[in-house]
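Order of appearance sets the numbers: ligands from 1, and atoms from 1 within every ligand.
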Amino acid sequence: MAKYKIAWLPGDGIGKEVLEAAKIVLDRIALDAEYIHGDIGWDFWCKEGDAFPQRTIDLLKNVNAAMFGAITSKPVKEAEKELIPSLQGKGLIYRSPIVRMRQLFDLYNCLRPCKAYPGNPINFKEGIDLVMFRENTEDLYAGVEFAPVPAEVRDVLSKVSKPFAPFKDLPSEDYAISCKINTRKGSERIVRAAFDFARKFNRKKVTVIHKANVVRATDGLFLEMARKVAKDFPEIKMDDANIDAMTMWILKNPFNYDVLVAPNLYGDIISDLCAQLIGGLGFGCSGNIGTKLAVFEPTHGSAPKYAGQYKCNPIATILAVKMMLDWLGEADKGTRLEKAVAAVIREGKVRTYDMGGSNKTLEMAEEIAKKL
Ligand code: NAI
Ligand code: MG
């Protein structure tokens with residue numbers, strides 16, 4: 001029996017192509033694993049009315065880790081129309097499988113390292129090495145939303161939001177509400193993950209991102225918990241900044257930052273910004289980490305306009321494989337893989353279109369595999 005069971009979730013579009021590339025390097029590095037395919041994504045929504053079928057949820061309960069490609073999502077109104085005719089009109093509601101997966105398996109830590117590998121022609125600047133910790137289960141992604149706003153909610157709001165309630169006389173279909181929900185536990189554990197990482201890897205500073213001057217209740221609580229956790233790590237500096245200012249400061253001087261931690265939505269925004277600093281979405285890798293399960297993926301989506309062309313960059317996904325190897329306790333293999341990626345980038349002989357080259361997805365993977 002293999003040492004590890006890995007769920008293999010290609011999803012849609014280029015998700016399938018980049019996972020094919022990931023398999024090339026995993027086979028070469030000879031991880032003692034069994035890879036078990038799981039259905040996920042748009043096709044399953046269209047055919048079955050569920051983009052994340054129960055059989056895939058059950059699979060994830062019985063594996064050590066998962067590799068996930070990417071899925072296509074569409075706005076709820078369009079989603080209904082793409083269902084096969086026998087499922088239309090049944091009131092099925094499209095929900096993002098990745099957001100569901102994060103919440104169902106409590107994958108609270110979205111870890112996104114952003115390192116500029118030397119010689120990458122599309123690095124913003126050489127030497128950038130930031131690590132983002134994004135809270136992954138709550139905040140504006142809590143999924144508590146109203147459109148139109150039901151009478152009970154309107155009633156409660158009219159009582160509790162006095163005197164400022166510009167919406168109170170509007171008809172319920174003329175506004176919408178998405179709840180930002182942050183908990184002490186959720187805030188504390190993501191900040192602790194960031195500080196633990198800083199301690200383990202000898203990082204000097206953790207920057208907490210928020211908007212506590214305006215979004216006082218939720219971001220205030222996040223910042224309060226961050227200050228509390230920081231006391232347990234006296235050797236690591238903590239600072240904090242507003243999300244808007246951070247986008248400017250990170251661009252202006254990325255070398256002022258080291259480890260970053262943020263509630264869900266701000267983390268989403270900042271991690272795309274950081275990915276762009278190190279060559280764009282072809283380089284942004286991500287781990288969704290819980291206590292029992294971790295799911296690794298590139299941060300990019302299914303890139304429908306390139307699907308089927310095998311031209312996208314698999315490096316983000318291959319770096320996600322490196323993260324999975326580290327998480328499984330196979331750090332030697334992880335380090336070997338990262339060195340192989342770095343060598344291919346440095347040599348510059350094989351480059352995908354985003355790097356200014358014309359090599360295909362699987363050629364990049366083969367070149368990396370050759371160095372292993
Ligand atoms: P996207 O990330 O799929 O692609 C945006 C653009 O980034 C592409 O057109 C391409 O120019 C570039 N790009 C992305 N990955 C690349 C790679 N590996 N190599 C080179 N260039 C790359 O985002 P988009 O177009 O906004 O969304 C497409 C679909 O993906 C949507 O349905 C969206 O909902 C979904 N999505 C899924 C995610 C996931 O599965 N975790 C994350 C983000 C979007
Ligand atoms: Mg995103």
Side-chain angles (χ1 to χ4, degrees), residues 7-22 25 38-46 51-52 56 66-79 81-82 94-103 105 107 110-112 114 117 120-123 134 136 141 264-265 267-269 271-276 278-288 294-321 323 341 344-345 350-365 368:
W8 201 254
L9 314 173
D12 301 309
I14 67 161
K16 296 186 171 83
E17 299 165 28
V18 292
L19 275 210
E20 217 177 303
V25 299
D39 292 334
I40 193 165
W42 194 249
D43 285 350
F44 301 96
W45 164 257
C46 297
F52 188 31
T56 308
M67 279 299 302
F68 168 62
I71 45 98
T72 300
S73 331
K74 297 186 187 176
V76 172
K77 285 204 175 91
E78 261 175 65
K81 290 188 213 131
E82 299 216 15
Y94 182 79
R95 287 183 299 147
S96 159
I98 184 78
V99 174
R100 269 168 76 197
M101 190 194 300
R102 287 166 179 163
Q103 287 173 346
F105 290 92
L107 307 175
C110 183
L111 171 58
R112 294 183 162 175
C114 291
Y117 289 92
N120 184 352
I122 50 174
N123 276 339
R134 166 188 173 189
N136 218 13
Y141 289 67
N264 209 335
L265 182 64
D268 189 30
I269 295 166
S271 53
D272 273 16
L273 172 71
C274 291
Q276 198 55 42
I278 56 148
L281 288 174
F283 295 85
C285 55
S286 178
N288 302 280
V295 179
F296 298 88
E297 56 163 332
T299 61
H300 62 72
S302 61
K305 75 176 180 196
Y306 293 126
Q309 298 183 34
Y310 280 90
K311 67 182 282 189
C312 283
N313 194 341
I315 288 182
T317 312
I318 291 172
L319 290 170
V321 169
M323 294 177 75
V341 170
V344 170
I345 294 173
V350 173
R351 284 178 174 167
T352 43
Y353 88 92
D354 52 320
M355 302 169 81
S358 58
N359 291 104
K360 298 284 198 163
T361 308
L362 303 186
E363 287 171 336
M364 175 62 91
I368 293 166

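- By the 3.5 Å distance cut-off applied to N or O atoms, Pro304 is not counted among the residues near ligand 1.
- Of all the listed residues (His300, Glu17, Met364), His300 holds the heavy atom that lies closest to atom 16 (C) of ligand 1.
- Side-chain contact check for Arg134 versus Leu111: every heavy-atom pair is 4.5 Å or farther apart.
- Ligand 1 has Thr299 within reach: a non-hydrogen atom of the residue lies less than 4.0 Å from it.
- The closest approach between a heavy atom of Trp42 and any atom of ligand 1 is not below 4.0 Å.
- Note: no N/O pair closer than 3.5 Å links Tyr306 and ligand 1 by distance alone.
- Using a 4.0 Å cut-off between heavy atoms, Lys74 makes no contact with ligand 1 at all.
- A search for ring-ring contact (aromatic ring centres under 6.0 Å, His included) contacts involving Tyr117 returns nothing, not counting sequence neighbours.
- For Tyr353 and Tyr306, the distance between ring centers is under 6.0 angstrom.
- Taking both residues in full, the closest heavy atoms of Cys285 and Leu319 are given as SG-CB, 3.7 Å, listed atom of the first, atom of the second, then distance.
- Applying the salt bridge (Lys or Arg N to Asp or Glu O under 4.0 Å) test to Arg95 and every residue at least two apart in sequence or in another chain returns nothing.
- For ligand 1, the polar-atom distance check finds no N/O of Asp354 at less than 3.5 Å from any of the ligand's N/O atoms.
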query: Could you walk me through whether Arg102 and Glu297 pass the salt bridge (charged side-chain N to carboxylate O under 4.0 Å, His left out) check?
result: CA-CA 12 Å; Arg102 287 166 179 163; Glu297 56 163 332; 3.1 Å; yes
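- For atom 33 (C) of ligand 1, the nearest non-hydrogen atom from the set Gly13, Ser73, Gly284, Gly41 belongs to Ser73.
- Between Ile71 and ligand 1, at least one pair of N/O atoms sits closer than 3.5 Å.
- Nearest heavy-atom pair, Phe52 versus Pro97, reported as atom, atom and distance to 0.1 Å: CB-CB, 3.6 Å.
- Looking at Ala303 next to ligand 1, an N or O pair under 3.5 Å apart turns up.
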